[in-house]
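Everything on this sheet refers to the single structure shown next.
As the structure lists them, so they are numbered: ligands from 1, and atoms in each ligand from 1. This chain uses plain numbering: 1 for the first residue, then up along the sequence. All figures in this text were calculated on a predicted structure; none of them were measured in a lab.
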Amino acid sequence: METVHTLADLQKYVSKIKAQNKTIGLVPTMGALHAGHLSLVQSAVNENDVCVVSIFVNPTQFNSPEDLKKYPRTLERDAALLEKAGCHLIFNPLTEDVYSKKDLKKTFEFDFGGLDTMMEGAFRPGHFNGVVQIVSKLFALIQPDRAYFGEKDFQQLAIIHRMVKLMNFEVQIVDCPIVREPGGLAMSSRNERLSPEERNIAANIFNILNENANFAPGKSPRALAESIACKINKVSGLRVEYVEIVEQKTLKIAENWENPAVVCVAVFCGKVRLIDNLKIDVQ
Ligand code: PAF
């Protein structure tokens, strides 16, 4: 496994792989890797000649400088995990190589077609502009045949699909299922900030989603969302930011159960903000 930090070294590597007609599978990450990331890497390794993992804590998608500063940076540990998982290349650039000063000053513009107006888009203004900005740069630089994203970030994934369509990238986006801890908590780099007690409390989020998904279609999506929010808020140590039931394809608020839906939540466990989701298909 190699690690490159500069755009020049990355370009050399990509040109060599392309000249050999080999396929590239890309897993974009911000590091602090966990089993969820490693499952994406496993798929990328299995389905492509070469697996590239980018590790870059992208400043333009953070809402607060404090959050950006606190984000765990664990390159050595990540590299050891990736080597074991069969990754071929880590791309770990410096911010100044990726962004000009001008890039960092103004918000990247993208036509989200309404996909960003609710949930993460509403509570983290500008977040998805930063995500599209970095992922489009990575796609242009690495020219992957396939790119792997986790379904835990359901709204991000919908936006990436739109971006690929609008920008005509020739990459297949592979949606990968959520990986959960044995108690049900969705794997996330943020889980490292939970105490062992908080981890147990946070497991209630998925358990409540799972138990209540069975109540569809007996309740309207709105009533079900309200009831889930109420149950999560009743758990001491959890505080709901949002519970929304949206259509899987359009992310529009589901008014009935005609189309496959997904319940998406953001919940504070102590000071740590967690997101999770569960698909509901009553057909
Ligand atoms: O999902 C993430 O970790 C990030 O949003 C991504 C896709 C790596 C872009 O920085």
Checklist entry - Which ILVMFWY residues are connected to V179, directly or by a chain of links, through side-chain heavy atoms under 4.5 Å apart? => result M187
Which pairs of nitrogen or oxygen atoms, taken one from ligand 1 and one from the protein, are under 3.5 angstrom apart?
residue, atom, partner, partner atom, Å
ligand 1, 1 (O), Q156, NE2, 2.9
ligand 1, 5 (O), Q61, NE2, 2.9
ligand 1, 5 (O), Q156, OE1, 2.8
ligand 1, 10 (O), Q61, OE1, 2.6

Checklist entry - Taking the side chain as C-beta and beyond, is there a heavy-atom pair between C51 and V41 under 4.5 Å? => result yes
Item to check | Residue from L224, V267, V263 passing side chain to side chain contact (heavy atoms under 4.5 Å, CB included) with V243 | outcome: V263
Checklist entry - Would you call the rings of F112 and F110 parallel, tilted or perpendicular, where under 30° means parallel and over 60° means perpendicular? => result perpendicular
Checklist outcome for this item: Here the salt bridge (charged side-chain N to carboxylate O under 4.0 Å, His left out) pairs for residues 140-166, sequence neighbours left out, are K18-D145, D111-R162, E151-K279
Item to check | Pairing residues for D276 by the salt bridge (Lys or Arg N to Asp or Glu O under 4.0 Å) criterion, not counting sequence neighbours | outcome: R180
